[in-house]
Amino acid sequence: MPVTPEKTRVGFVGLGIMGAPMAINLIEAGYEVKVYNRTDRPRVQEVVDAGGQRVATPGETATDTHVVITMVNDSPDVEQVVLGSGGIIHDAPPGTVVIDMSTISPRVTRDIAARLGEAEIDMLDAPVSGGDVGARNGTLSIMVGGDSDVFQECLPILEVLGSSINLIGGHGAGQTTKLCNQVAGALNNLAVAESLMLAAAAGLDLEKVLAAISGGAAGSWMMSNLAPRILSGDFAPGFMVDLQQKDLRLVLQAANELGVSMPGLCLAHQCLNAVQHAGLGQEGTQALIKAYELQHGLQARKR
Ligand code: NAP
(Lines give C-alpha, C1' and ligand atoms only; values in the text may rest on other atoms or scores of the structure.)
Protein backbone atom coordinates (compact mmCIF):
# COMPACT_ATOMS: atom_id res chain seq x y z
CA MET A 1 0.00 0.00 0.00
CA PRO A 2 1.50 3.43 -0.92
CA VAL A 3 2.79 5.47 2.01
CA THR A 4 0.56 8.55 1.80
CA PRO A 5 0.62 11.29 4.51
CA GLU A 6 -2.80 10.23 5.90
CA LYS A 7 -1.62 6.69 6.53
CA THR A 8 2.07 6.92 7.27
CA ARG A 9 4.34 8.35 9.93
CA VAL A 10 7.98 8.78 8.98
CA GLY A 11 11.22 8.68 10.97
CA PHE A 12 14.18 10.80 9.89
CA VAL A 13 17.77 10.37 11.13
CA GLY A 14 20.40 13.02 10.31
CA LEU A 15 19.36 16.67 10.05
CA GLY A 16 22.43 17.99 8.24
CA ILE A 17 22.69 20.29 5.23
CA MET A 18 20.63 17.79 3.23
CA GLY A 19 18.54 16.04 5.88
CA ALA A 20 17.04 19.13 7.54
CA PRO A 21 15.36 20.58 4.44
CA MET A 22 14.29 17.10 3.32
CA ALA A 23 12.58 16.48 6.68
CA ILE A 24 10.90 19.89 6.46
CA ASN A 25 9.60 19.07 2.98
CA LEU A 26 8.02 15.86 4.32
CA ILE A 27 6.41 17.76 7.20
CA GLU A 28 5.07 20.39 4.78
CA ALA A 29 3.67 17.60 2.60
CA GLY A 30 1.57 16.47 5.57
CA TYR A 31 3.63 13.61 7.01
CA GLU A 32 4.06 13.28 10.77
CA VAL A 33 7.84 13.08 11.16
CA LYS A 34 9.88 11.86 14.15
CA VAL A 35 13.42 13.22 13.91
CA TYR A 36 16.77 12.35 15.44
CA ASN A 37 20.01 14.31 15.31
CA ARG A 38 23.16 13.35 17.21
CA THR A 39 23.99 16.90 18.33
CA ASP A 40 22.18 20.19 18.85
CA ARG A 41 22.39 22.53 15.92
CA PRO A 42 20.31 25.52 14.77
CA ARG A 43 19.14 23.35 11.86
CA VAL A 44 17.59 20.83 14.24
CA GLN A 45 15.51 23.55 15.90
CA GLU A 46 14.31 24.68 12.45
CA VAL A 47 12.94 21.19 11.81
CA VAL A 48 11.29 21.08 15.25
CA ASP A 49 9.79 24.55 14.66
CA ALA A 50 8.37 23.24 11.37
CA GLY A 51 6.60 20.43 13.27
CA GLY A 52 9.18 17.62 13.61
CA GLN A 53 8.97 15.56 16.82
CA ARG A 54 12.49 15.16 18.20
CA VAL A 55 13.43 11.83 19.81
CA ALA A 56 16.52 10.67 21.70
CA THR A 57 17.81 7.73 19.63
CA PRO A 58 17.74 6.64 15.98
CA GLY A 59 15.73 3.60 17.12
CA GLU A 60 12.97 5.80 18.55
CA THR A 61 12.30 7.25 15.10
CA ALA A 62 11.16 3.75 14.13
CA THR A 63 8.56 3.21 16.83
CA ASP A 64 5.04 3.95 15.48
CA THR A 65 6.42 4.78 12.04
CA HIS A 66 6.39 2.71 8.89
CA VAL A 67 9.28 4.27 7.01
CA VAL A 68 12.59 5.55 8.43
CA ILE A 69 14.94 7.66 6.33
CA THR A 70 18.64 7.91 7.17
CA MET A 71 20.71 10.83 5.84
CA VAL A 72 24.08 10.66 7.61
CA ASN A 73 27.64 10.77 6.28
CA ASP A 74 29.54 7.58 5.57
CA SER A 75 29.23 3.78 5.70
CA PRO A 76 30.17 3.42 9.41
CA ASP A 77 27.63 6.13 10.30
CA VAL A 78 24.79 4.28 8.57
CA GLU A 79 25.91 1.05 10.24
CA GLN A 80 25.83 2.85 13.58
CA VAL A 81 22.37 4.43 13.30
CA VAL A 82 20.83 1.30 11.78
CA LEU A 83 22.62 -1.58 13.53
CA GLY A 84 24.52 -0.02 16.47
CA SER A 85 23.51 0.64 20.05
CA GLY A 86 20.19 2.56 20.02
CA GLY A 87 19.93 1.77 16.31
CA ILE A 88 16.84 1.39 14.16
CA ILE A 89 17.01 -2.40 13.97
CA HIS A 90 16.39 -2.71 17.73
CA ASP A 91 13.09 -0.79 17.74
CA ALA A 92 11.64 -1.17 14.25
CA PRO A 93 8.82 -3.69 13.98
CA PRO A 94 8.85 -6.24 11.14
CA GLY A 95 7.51 -4.65 7.95
CA THR A 96 9.32 -1.33 8.53
CA VAL A 97 11.17 0.11 5.53
CA VAL A 98 14.55 1.80 6.03
CA ILE A 99 15.43 4.16 3.18
CA ASP A 100 19.10 5.12 3.34
CA MET A 101 19.63 8.31 1.33
CA SER A 102 23.27 8.87 2.41
CA THR A 103 26.05 8.11 -0.08
CA ILE A 104 27.86 5.00 1.16
CA SER A 105 29.58 1.84 -0.06
CA PRO A 106 27.40 -0.45 -2.22
CA ARG A 107 28.97 -3.47 -0.50
CA VAL A 108 28.17 -2.18 3.00
CA THR A 109 24.64 -1.39 1.77
CA ARG A 110 24.12 -5.02 0.74
CA ASP A 111 25.41 -6.20 4.13
CA ILE A 112 23.06 -3.85 6.03
CA ALA A 113 20.10 -4.89 3.84
CA ALA A 114 20.86 -8.55 4.62
CA ARG A 115 21.02 -7.87 8.39
CA LEU A 116 17.74 -5.94 8.25
CA GLY A 117 16.19 -8.70 6.15
CA GLU A 118 16.86 -11.18 8.97
CA ALA A 119 14.66 -8.95 11.18
CA GLU A 120 12.00 -8.74 8.41
CA ILE A 121 12.82 -5.09 7.81
CA ASP A 122 13.02 -3.93 4.18
CA MET A 123 15.65 -1.55 2.88
CA LEU A 124 16.04 0.73 -0.11
CA ASP A 125 19.31 2.47 -0.90
CA ALA A 126 18.28 5.83 -2.34
CA PRO A 127 21.24 8.23 -2.56
CA VAL A 128 20.62 11.61 -4.12
CA SER A 129 22.10 14.23 -6.38
CA GLY A 130 21.10 17.88 -6.69
CA GLY A 131 22.84 19.40 -3.68
CA ASP A 132 21.46 21.63 -0.96
CA VAL A 133 19.41 23.48 -3.57
CA GLY A 134 17.68 20.26 -4.69
CA ALA A 135 17.11 19.25 -1.05
CA ARG A 136 15.39 22.56 -0.28
CA ASN A 137 13.32 22.61 -3.47
CA GLY A 138 12.34 18.92 -3.39
CA THR A 139 13.94 18.44 -6.79
CA LEU A 140 16.62 15.86 -5.99
CA SER A 141 17.58 13.08 -8.39
CA ILE A 142 17.10 9.85 -6.43
CA MET A 143 18.85 6.63 -7.48
CA VAL A 144 17.26 3.60 -5.92
CA GLY A 145 18.28 0.00 -5.24
CA GLY A 146 16.00 -2.63 -3.72
CA ASP A 147 12.82 -4.59 -4.20
CA SER A 148 10.41 -3.11 -6.78
CA ASP A 149 7.29 -3.62 -4.60
CA VAL A 150 8.94 -1.79 -1.71
CA PHE A 151 10.01 0.93 -4.15
CA GLN A 152 6.44 1.36 -5.43
CA GLU A 153 5.14 1.49 -1.87
CA CYS A 154 7.61 4.24 -0.91
CA LEU A 155 7.25 6.28 -4.10
CA PRO A 156 4.90 8.93 -2.59
CA ILE A 157 7.60 9.81 -0.04
CA LEU A 158 10.38 9.88 -2.62
CA GLU A 159 8.21 12.11 -4.83
CA VAL A 160 8.09 14.73 -2.07
CA LEU A 161 11.89 14.80 -1.97
CA GLY A 162 12.84 14.50 -5.62
CA SER A 163 11.74 15.14 -9.17
CA SER A 164 13.76 12.40 -10.91
CA ILE A 165 13.36 9.03 -9.23
CA ASN A 166 14.75 5.86 -10.79
CA LEU A 167 14.82 2.28 -9.56
CA ILE A 168 18.04 0.86 -10.98
CA GLY A 169 18.21 -2.69 -9.61
CA GLY A 170 18.64 -4.67 -6.38
CA HIS A 171 20.28 -3.62 -3.09
CA GLY A 172 23.39 -1.49 -3.74
CA ALA A 173 22.45 -0.55 -7.32
CA GLY A 174 21.36 2.92 -6.21
CA GLN A 175 24.70 3.48 -4.46
CA THR A 176 26.70 2.26 -7.46
CA THR A 177 24.71 4.62 -9.69
CA LYS A 178 25.47 7.47 -7.30
CA LEU A 179 29.20 6.67 -7.64
CA CYS A 180 28.81 6.95 -11.44
CA ASN A 181 27.16 10.32 -10.83
CA GLN A 182 30.10 11.42 -8.67
CA VAL A 183 32.60 10.55 -11.41
CA ALA A 184 30.80 12.78 -13.92
CA GLY A 185 30.25 15.51 -11.30
CA ALA A 186 33.85 15.65 -10.06
CA LEU A 187 35.30 15.78 -13.57
CA ASN A 188 32.79 18.46 -14.52
CA ASN A 189 33.83 20.51 -11.51
CA LEU A 190 37.46 20.14 -12.60
CA ALA A 191 36.54 21.27 -16.11
CA VAL A 192 34.78 24.38 -14.77
CA ALA A 193 37.79 25.22 -12.57
CA GLU A 194 40.32 24.92 -15.43
CA SER A 195 38.08 26.91 -17.75
CA LEU A 196 37.73 29.78 -15.26
CA MET A 197 41.47 29.77 -14.51
CA LEU A 198 42.29 30.19 -18.20
CA ALA A 199 39.86 33.11 -18.41
CA ALA A 200 41.33 34.69 -15.25
CA ALA A 201 44.90 34.29 -16.50
CA ALA A 202 43.89 36.00 -19.75
CA GLY A 203 42.46 38.92 -17.77
CA LEU A 204 38.93 38.46 -19.14
CA ASP A 205 35.75 39.61 -17.39
CA LEU A 206 34.72 36.30 -15.81
CA GLU A 207 31.01 37.12 -15.59
CA LYS A 208 30.95 37.80 -19.34
CA VAL A 209 32.82 34.56 -20.04
CA LEU A 210 30.39 32.58 -17.91
CA ALA A 211 27.36 34.16 -19.57
CA ALA A 212 28.85 33.36 -22.99
CA ILE A 213 29.70 29.72 -22.40
CA SER A 214 27.15 28.43 -19.90
CA GLY A 215 24.28 28.35 -22.40
CA GLY A 216 26.27 26.40 -25.01
CA ALA A 217 27.55 22.86 -25.32
CA ALA A 218 29.90 23.31 -22.33
CA GLY A 219 27.06 24.32 -20.02
CA SER A 220 26.33 22.11 -17.01
CA TRP A 221 24.81 22.05 -13.52
CA MET A 222 28.32 22.67 -12.11
CA MET A 223 28.80 25.66 -14.35
CA SER A 224 25.38 27.17 -13.61
CA ASN A 225 25.43 26.53 -9.85
CA LEU A 226 29.06 26.48 -8.69
CA ALA A 227 30.83 28.90 -11.04
CA PRO A 228 28.72 31.93 -9.90
CA ARG A 229 29.60 31.06 -6.29
CA ILE A 230 33.32 30.98 -7.19
CA LEU A 231 33.10 34.34 -8.95
CA SER A 232 31.45 35.96 -5.93
CA GLY A 233 33.94 34.34 -3.49
CA ASP A 234 31.23 32.20 -1.84
CA PHE A 235 32.87 28.97 -0.68
CA ALA A 236 30.24 28.00 1.91
CA PRO A 237 29.33 24.34 1.54
CA GLY A 238 26.45 23.03 -0.33
CA PHE A 239 28.50 19.85 -0.56
CA MET A 240 31.69 19.77 1.54
CA VAL A 241 35.09 18.88 0.06
CA ASP A 242 35.59 16.34 2.87
CA LEU A 243 32.37 14.53 1.90
CA GLN A 244 33.24 14.65 -1.80
CA GLN A 245 36.58 13.00 -0.99
CA LYS A 246 34.71 10.29 0.91
CA ASP A 247 32.67 9.65 -2.25
CA LEU A 248 35.73 9.63 -4.52
CA ARG A 249 37.38 7.07 -2.24
CA LEU A 250 34.25 4.92 -2.62
CA VAL A 251 34.50 5.33 -6.41
CA LEU A 252 38.17 4.29 -6.45
CA GLN A 253 37.43 1.33 -4.18
CA ALA A 254 34.67 0.18 -6.59
CA ALA A 255 36.94 0.82 -9.60
CA ASN A 256 39.68 -1.30 -8.03
CA GLU A 257 37.23 -4.10 -7.24
CA LEU A 258 35.91 -4.03 -10.82
CA GLY A 259 39.31 -3.53 -12.48
CA VAL A 260 38.30 -0.23 -14.13
CA SER A 261 40.98 2.41 -14.79
CA MET A 262 39.91 5.97 -13.88
CA PRO A 263 42.78 8.43 -14.46
CA GLY A 264 40.49 11.48 -14.69
CA LEU A 265 38.84 10.72 -11.38
CA CYS A 266 42.27 10.28 -9.73
CA LEU A 267 43.23 13.76 -10.92
CA ALA A 268 40.14 15.35 -9.37
CA HIS A 269 40.76 13.39 -6.15
CA GLN A 270 44.39 14.59 -5.98
CA CYS A 271 43.42 18.25 -6.60
CA LEU A 272 40.93 17.99 -3.75
CA ASN A 273 43.68 16.46 -1.57
CA ALA A 274 45.58 19.72 -2.06
CA VAL A 275 42.49 21.70 -1.05
CA GLN A 276 42.10 19.59 2.09
CA HIS A 277 45.81 19.96 2.84
CA ALA A 278 45.33 23.75 2.70
CA GLY A 279 42.81 23.37 5.55
CA LEU A 280 39.76 23.93 3.34
CA GLY A 281 38.04 20.55 3.67
CA GLN A 282 34.93 22.10 5.22
CA GLU A 283 34.39 24.41 2.25
CA GLY A 284 32.07 23.54 -0.63
CA THR A 285 33.30 21.54 -3.62
CA GLN A 286 33.57 24.76 -5.65
CA ALA A 287 36.80 25.23 -3.60
CA LEU A 288 38.43 22.75 -5.99
CA ILE A 289 39.46 25.81 -8.01
CA LYS A 290 41.68 26.82 -5.07
CA ALA A 291 44.04 23.96 -5.96
CA TYR A 292 44.75 25.96 -9.14
CA GLU A 293 44.54 29.41 -7.54
CA LEU A 294 47.10 28.54 -4.87
CA GLN A 295 49.44 27.16 -7.53
CA HIS A 296 49.20 30.22 -9.78
CA GLY A 297 48.82 33.02 -7.24
CA LEU A 298 45.72 34.10 -9.14
CA GLN A 299 42.02 34.22 -8.20
CA ALA A 300 39.01 33.66 -10.44
CA ARG A 301 36.64 36.33 -9.07
CA LYS A 302 34.27 38.83 -10.63
CA ARG A 303 35.48 42.40 -10.97
P1 NAP B 1 26.19 17.02 6.91
O2 NAP B 1 25.65 18.39 6.77
O3 NAP B 1 27.57 16.82 7.45
O4 NAP B 1 25.15 16.19 7.82
C5 NAP B 1 25.41 14.90 8.24
C6 NAP B 1 24.37 14.46 9.23
O7 NAP B 1 24.65 13.13 9.65
C8 NAP B 1 24.36 15.31 10.51
O9 NAP B 1 23.03 15.41 10.95
C10 NAP B 1 25.19 14.45 11.48
O11 NAP B 1 24.88 14.68 12.82
C12 NAP B 1 24.74 13.08 11.07
N13 NAP B 1 25.69 12.01 11.44
C14 NAP B 1 26.90 11.77 10.87
N15 NAP B 1 27.48 10.70 11.43
C16 NAP B 1 26.61 10.25 12.37
C17 NAP B 1 26.63 9.17 13.28
N18 NAP B 1 27.68 8.33 13.33
N19 NAP B 1 25.57 9.01 14.11
C20 NAP B 1 24.52 9.85 14.04
N21 NAP B 1 24.42 10.90 13.20
C22 NAP B 1 25.47 11.10 12.37
O23 NAP B 1 26.16 16.22 5.52
P24 NAP B 1 25.17 16.42 4.28
O25 NAP B 1 25.78 17.37 3.32
O26 NAP B 1 23.79 16.65 4.77
O27 NAP B 1 25.30 14.96 3.60
C28 NAP B 1 24.58 13.83 4.08
C29 NAP B 1 24.75 12.70 3.07
O30 NAP B 1 24.23 13.11 1.80
C31 NAP B 1 26.21 12.29 2.82
O32 NAP B 1 26.31 10.91 2.62
C33 NAP B 1 26.55 13.05 1.54
O34 NAP B 1 27.59 12.41 0.83
C35 NAP B 1 25.23 12.98 0.81
N36 NAP B 1 24.99 14.05 -0.17
C37 NAP B 1 25.24 15.36 0.14
C38 NAP B 1 24.99 16.34 -0.82
C39 NAP B 1 25.23 17.81 -0.55
O40 NAP B 1 25.19 18.59 -1.51
N41 NAP B 1 25.46 18.21 0.70
C42 NAP B 1 24.49 16.00 -2.07
C43 NAP B 1 24.22 14.67 -2.34
C44 NAP B 1 24.47 13.70 -1.37
P45 NAP B 1 25.56 15.92 13.65
O46 NAP B 1 24.73 17.12 13.29
O47 NAP B 1 25.44 15.51 15.04
O48 NAP B 1 26.99 16.02 13.18
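Just the heavy atoms: all of them, side chains too, but no hydrogens, waters or symmetry mates, feed the values below. Whatever order the structure lists them in is the order used to number ligands and atoms, beginning at 1.
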Can you give the donor-acceptor pairs under 3.5 Å from side chains of residues 231-242 to other protein atoms, not counting sequence neighbours?
| unit_1 | atom_1 | unit_2 | atom_2 | d |
| --- | --- | --- | --- | --- |
| S232 | OG | P228 | O | 3.1 |
| S232 | OG | R229 | O | 3.3 |
| D234 | OD1 | A236 | N | 3.1 |
| D242 | OD1 | Q276 | NE2 | 2.8 |
| D242 | OD2 | Q282 | NE2 | 3.0 |

Counting only non-hydrogen atoms and a 4.0 Å cut-off, the residues near ligand 1 are G14, L15, G16, I17, M18, N37, R38, T39, R41, M71, V72, N73, D77, Q80, V81, S102, T103, V128, G131, D132, K178, G238, F239, L243, K246, D247
Looking only at atom types and distance, does a side-chain atom of R54 sit under 3.5 Å from a main-chain N or O of N37, one as donor and one as acceptor?
yes
Looking at L167, N166, I168, T177, which hits side-chain contact (heavy atoms from CB on, under 4.5 Å) with V144?
L167
Got a list of side-chain donor-acceptor pairs under 3.5 Å for residues 202-209, not counting sequence neighbours?
| unit_1 | atom_1 | unit_2 | atom_2 | d |
| --- | --- | --- | --- | --- |
| D205 | OD1 | E207 | N | 3.0 |
| D205 | OD1 | K208 | N | 3.3 |

Ignoring hydrogens and angles, state whether a donor on the side chain of Q175 or D125 is under 3.5 Å from an acceptor on the partner side chain.
no
I'd like a table of donor-acceptor pairs (distance under 3.5 Å, sequence neighbours excluded) in which one partner is a side-chain atom from residues 77-90, with atom names and distances.
| unit_1 | atom_1 | unit_2 | atom_2 | d |
| --- | --- | --- | --- | --- |
| D77 | OD2 | D74 | N | 2.9 |
| H90 | NE2 | L83 | O | 3.2 |
| H90 | NE2 | G84 | O | 3.0 |

